[in-house]
Every structure is written in structure tokens, then in C-alpha cells.
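Convention: sequence-line order gives letters A, B, ...; per-chain numbering from 1.
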Amino acid sequence: MQQFAVVATHSSSQSESEAGSATAVVQLLDAAGTALRPPIHVYGNGLAAIVAELEAGKPRWVFDSVHTWYPGLLAAGVRIERAHDISLVRAILHLAPYALPGPYLESITRLADPAHGAPAHLLPPARVSADQGELFSEPKDDTGALENVVAEFLAQRTAVPDTERGKRLGLLLAAESAGALIGAEMTHAGVPWDVAEHQRLLNEALGPRVAPGVRPPHMEELAGELRLLLGAPTLNPDSPAELLKAMNRAGIAVSNTRAWELAEIKHPVIEPLLAYKKIARLASANGHAWLERWVAEGRFRPEYIVGGVITGRWASHGGGALQIPHQVRSAVRADEGRLLVVADAAQLEPRILAALSRDTELATAARGKDLYQGIADAGFGGDRAHAKVAMLGAMYGATSGESGRLMPKLKSTYPRAVALVEWAAAQGESGAAVASFLGRGSPAAPEAWMRARTRASTDAEQRAVETEARSRGRFTRNFIVQGTAAEWALCWMGELRRRMNNLREAGDDPGELVFFLHDEIMLHVPAGRADEVVALVHESAQAAAELLFGKIPVDFPVSAVIVDSYDQAK
DNA sequence: CTCTATTGCGCG
DNA sequence: AAAGCGCGCAATAGAG
């Protein structure tokens with residue numbers, strides 16, 4: 001029998017600001033939401049022990065936010081298997097087309113109004129009325145208290161209908177909550193970071209370390225060269241405005257200083273300038289200051305913001321975790337006796353589109369490892385580059401250039417897939433919302449946008465409105481694909497975590513998930529278990545596809561490699 | 001001084 | 001070779 005264990009802040013300690021000493025209360029509920037025993041009051045640091053004890057019964061732990069409660073439990077050595085994250089669920093239900101309308105959804109809409117379309121962690125909690133008969137209508141500001149948490153949890157459960165679509169939504173809510181556990185566990189584990197290797201590569205690129213605020217030697221040398229070549233003795237190449245003026249004065253006709261545009265130009269200053277930009281970026285984004293701020297005890301520990309991206313992808317906070325440049329990946333290195341397993345899904349988004357649209361032709365092209373070659377062979381005379389550009393253009397809404405020209409061919413070869421993304425684009429252009437496969441909704445256009453649309457009178461206003469509409473169309477077009485891909489990835493990690501937990505319960509050490517990047521995962525595992533973990537990674541990918549879509553003829557291959565350091569992967 | 005916008009570049 | 005989507009972060013420049 002499924003049990004729920006609701007954790008809340010003890011209502012008598014609402015005003016305590018020291019989170020470390022805050023007291024908590026735990027309430028066990030049965031599947032119908034009935035209390036199984038009186039609430040357990042926890043004082044001081046006793047929560048971890050209580051959680052560890054109750055975890056034996058495998059309840060689903062209900063938190064107002066996993067992000068605020070779970071790190072402390074992990075620090076105390078306690079892991080849990082299942083959770084329900086009220087804040088994350090609230091954010092999804094707020095925009096979910098499959099959710100049942102009712103007082104709860106109305107209350108979130110009202111409370112969320114100023115933050116329309118805000119990411120999960122910015123929505124305010126729903127609040128219980130002092131008068132229980134008027135649940136969620138007249139808020140009482142006691143948001144962390146047990147009665148509020150229990151009431152909102154039960155309201156969230158009843159907002160999910162018992163229908164086919166409701167089951168999908170339920171899966172999404174469970175997967176999102178599992179994601180919150182995984183995110184906290186990854187922060188706890190940390191990415192293994194070889195500080196000496198990082199310092200070595202900084203030294204190689206920038207020269208010996210200098211005081212903060214001083215330009216590193218190799219940058220200073222290049223800056224001197226740039227000043228000479230441009231005849232600008234005081235130039236600060238870090239200022240785009242100064243650099244632009246200096247280049248124009250030297251007779252180089254550019255309108256901005258972006259590296260890829262500069263690369264087109266033939267002039268002696270370009271080579272040292274691009275070299276400067278390259279190492280300047282390294283120094284400012286991942287230099288010594290970064291290392292000192294974000295790496296401790298050989299671990300990089302970013303925070304993951306689950307559902308932080310509107311499409312359901314994760315965002316991160318701290319150290320630019322989702323943008324670790326290829327340049328420094330040699331510093332991501334397994335501990336002695338351990339190895340990294342790095343896995344990524346091959347061409348995930350077009351495969352998701354094949355599954356979403358039930359396009360059997362595209363599914364056929366997706367059979368096997370190289371989907372783009374499959375498309376190329378089916379309709380682009382074997383030209384893989386063209387096939388790829390056309391497919392990306394369809395998913396992103398490219399209009400101009402190569403991609404636009406190839407669209408008719410793609411459309412005639414895969415009418416169902418292209419029709420789906422074009423439908424999504426049309427929805428967006430009209431101001432309507434769309435949803436991912438499991439039912440994460442996109443925000444609809446704001447009222448003001450709709451009004452401005454009908455009011456546009458002059459030609460210029462009309463054009464601006466159409467440009468805006470097309471932009472929204474590209475967003476909704478991409479949303480259904482990116483959002484569903486994020487769901488697949490969440491299920492992939494969830495399935496993998498479950499399998500690893502099974503091993504751990506059997507007394508083995510399967511290692512840990514330590515990093516996640518949209519369609520890529522990294523595990524830090526005992527050397528002797530790497531092959532076993534690779535097998536679980538593959539198995540989980542197939543399980544995730546079936547969990548989402550059932551048995552369909554679309555392959556979701558992943559490549560998984562065993563390496564010492566991250567730069568050795570792909 | 002703090003706050004915000006702009007520019008540019010890293011990642012999928 | 002970039003474009004079409006989604007982000008975070010650092011440095012600079014300007015506003016208050």
C-alpha cells in the first residue's frame with residue numbers, strides 16, 4: 001500500500017530564521033490522504049534520523065520543495081527513493097492543459113498572476129484559508145505549515161484526472177519530482193575536478209598566474225600587438241565599443257566585434273584578435289577565480305534548477321555548469337580507482353519528433369545510429385549535411401538560406417512530422433499555447449500581446465506584430481520537441497537511478513550520477529563496475545522510450561563511453 | 001555606490 | 001558556415 005510522508009516546517013517555529021535549527025513535523029498519510037498516526041514532531045537536527053527510519057516503508061516523501069529539504073538529509077547521509085515536490089508540481093499544473101479545472105488551479109493562477117509563465121522556483125505557494133471550508137480562497141500566510149502542505153498536496157493529486165492524458169501528466173509530475181532528487185544528489189556528489197590539471201592548462205594558455213585585476217601575461221602580449229596593429233595605443237580589447245571604433249578607424253568595415261564575423265575578414269589584426277578573445281574568455285569564465293569560487297575538495301558542485309527552463313529543461317546556478325567549455329574538460333577527471341561513464345542520446349530531438357508525429361517514414365530513417373544519414377538516403381541523394389540542415393530548420397523554424405530552400409523536399413518526404421511542427425508554429429502565431437507529450441504546457445500569449453495585435457494600424461506596427469508572431473511561432477514549434485526531449489531525458493535518468501538504487505540496496509556500490517546536460521549524463525563509478533553501468537545506461541534509455549510512448553518503432557540509441565577524463569568522450 | 005542593459009560567447 | 005530554439009555568466013557602460 002502506497003504511503004505518503006509529508007514534511008513541513010513546525011508551525012510554532014515559523015519565525016525562526018536559522019534553517020539549521022528549524023524544527024520539522026512529519027505526517028504519514030495513506031493513499032486516500034487519511035492520517036495514519038499523529039504527526040511526528042522533530043526537534044533540532046533529528047529529521048534525518050526520522051526520515052531514515054520511515055524510509056524503510058518506502059513512502060513517497062512530500063516536500064514543499066525538495067531543493068530546500070533534501071540537501072540537508074543527504075549531508076546527514078540519508079537518501080530517499082521517491083518524492084513529490086509541491087513547488088515543481090504547482091508550476092507544471094499552472095500551465096497544464098490536461099489538469100482538471102477547479103479551485104486549486106484557480107488559486108495558483110491568481111497567486112501566480114504577476115509572474116505569468118515564471119519558472120518553477122519562482123511561483124508562490126498556494127495557501128489554505130483559515131476557514132477550512134473555503135480551501136485556497138482566502139489565504140492565510142502560514143505557507144510552510146503542515147496543514148497547508150498537506151492540503152496543497154491533496155489538491156494537487158485531485159487535479160490530475162484518471163484518463164489517458166491524466167496518466168501522462170501523472171508520469172510527468174513523478175518524473176519531475178524524481179529529477180529534483182537527482183539534482184540534489186548530483187550536487188551532493190559533485191563533478192570530480194582535477195585542480196592541478198586545470199591550473200596547468202590555464203598556465204599554458206595564459207602564462208603564469210597574476211593578481212586579480214591584472215591582465216594575464218599572454219593576454220597582455222596580444223593586447224600590445226593589437227594596439228600596434230590598430231594604431232590605438234590605449235585600446236582596451238575587452239571593451240567591444242572601443243574595439244569597434246579602433247577597427248573602423250583602421251579601415252576595417254565591421255558593425256560589431258563578434259568572433260565569427262571577424263573570422264570572415266582578411267586583415268593582419270584578425271588572427272591575434274581572435275586568439276585574444278579565445279583566451280580572454282577562458283580567463284574570465286573558467287580561470288583561477290572560477291576555480292577558487294566553485295571547486296572545493298576536488299569537486300565542482302553546481303546547483304541544478306529543475307524545470308528552470310520554460311520547456312522543462314534544467315537550468316543551473318553556480319559556475320556556469322551547463323557550459324563547461326571543451327577547452328577545460330581534461331580537468332574533469334575520475335578519482336583514483338574510479339572511471340567516468342559519459343553517455344549521450346544520439347540526435348534526440350528528431351527522434352522525439354518522429355515519435356510525437358507517429359511519422360513512420362521518419363521512424364524508418366531513425367532506425368540505427370545515424371538518423372541524418374537515414375534522412376539523406378531517403379530523399380537528399382545521400383547528402384547528410386543537407387538532410388541535417390533541413391531537419392534542424394524544421395524544428396527551429398528556420399526561414400532563410402539553405403534550410404528554407406530544403407523545406408519542401410523534407411515536407412514531401414515526411415509530411416506527418418513537418419505537419420506537426422507547422423501546426424505548433426501556427427498555434428504560437430495565433431497566441432495559443434501548445435504542450436509537450438506528457439502535458440507540460442507552454443505559456444499562452446499575454447493579454448497585452450493579443451490586444452496590441454488587433455490594434456496595430458500603421459504598416460510599421462503591422463510588420464512589428466507579424467515579426468513578433470513569427471517569433472512566438474518558432475518558440476511553440478520548438479517547444480513541443482525540446483519539451484518532450486526533456487521528458488525523455490528525465491525518464492532516462494529516473495530509470496537509471498532506480499536501477500542503481502537496486503544495486504545499492506543489494507549492498508553494491510554502483511557509483512553515482514554526477515552531471516546532466518540536456519541529453520547527456522556523466523557517472524563517476526568504481527573502475528570494476530563501469531561495464532555494468534554502461535549496460536544500465538542503455539537499458540534505461542529503452543525503458544524511458546517505452547515509458548513515454550509505449551511500444552513504438554522509433555529507436556533512441558545512446559552512446560556511452562568509459563573514460564578517465566571528460567575530454568576523452570566524443 | 002547599486003542596479004540594469006548591452007555585448008559577446010560558452011553549452012545542448 | 002551560420003541559422004532557427006533554449007539557457008548562464010562576465011565585462012563594460014550608463015542610469016539613478
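Contact between the side-chain N/O atoms of A:S316 and the OP1/OP2 oxygens of C:dC7 is not found at any separation under 4.0 Å. Contact annotation: A:R313 side-chain N/O to C:dC7 OP1/OP2 distance is not under 4.0 Å. A sub-4.0 Å separation between OP1 or OP2 of B:dG8 and a side-chain N or O of A:K277 is absent. Side-chain N/O atoms of A:H326 include one lying less than 4.0 angstrom from OP1 or OP2 on B:dC11.
Within the 4.0 angstrom heavy-atom criterion, no nucleotide atom of any strand lies near A:R470. Contacts of A:V481 with the nucleic acid, taken as non-hydrogen atoms under 4.0 Å apart, are absent. Nucleic acid contact for A:A259: sugar-phosphate only, since backbone atoms but no base atoms lie under 4.0 Å from a heavy atom of the residue. Nucleic acid contact class of A:N286 (heavy atoms, under 4.0 Å, all strands): none.
Checked by distance alone, A:R477 brings no side-chain donor or acceptor within 3.5 Å of a matching partner on the base of C:dG4. Remark: the A:E520 side chain and the B:dG12 base include no donor-acceptor N/O pair separated by less than 3.5 Å.
Nucleotides C:dG4 and B:dT6, compared at atom C1', are 22 Å apart to the nearest Å.
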Report task. Go through the steps to decide whether A:W492 and A:F516 satisfy the test ring pair (Phe, Tyr, Trp, His ring centres under 6.0 Å), and finish with yes or no. Result -> CA-CA 11 Å; A:W492 182 33; A:F516 170 52; 7.8 Å; no

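If you check the side chains of A:T476 and A:Q427, you find no donor sitting under 3.5 Å from an acceptor. Judged purely by distance below 3.5 Å, without hydrogens or angles, the side chains of A:D377 and A:Q373 pair a donor atom with an acceptor atom.
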Query raised in the report: Can you give the dot-bracket line for DNA chain C, where a pair is Watson-Crick or G-U wobble with both atom distances under 3.5 Å, crossing pairs use [ ], and | marks a partner on another strand?
Result: ....||||||||||||

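For A:R281, the listed nucleotide lying nearest its side chain is B:dG10; candidates were C:dG6, B:dG10, C:dA3.
Remark: the backbone N or O of A:A394 is paired with a side-chain donor or acceptor of A:R477 at under 3.5 angstrom. Judged purely by atom type and a 3.5 angstrom limit, A:R416 uses its side chain to pair as donor or acceptor with the backbone of A:S357.
Ion pair A:R472/A:E468 not flagged as a salt bridge, since none of the NZ, NE, NH1 or NH2 atoms sits closer than 4.0 Å to an Asp/Glu carboxylate oxygen. Taking a cutoff of 4.0 Å between a charged side-chain nitrogen and a carboxylate oxygen, A:K388 and A:E349 do not qualify as a salt bridge.
C:dG4: glycosidic angle within 90° of 0, hence syn.
Of the two residues contacting DNA chain C, namely A:F475 and A:E261, the nearest-nucleotide position lying further toward the 5' end is that of A:E261.
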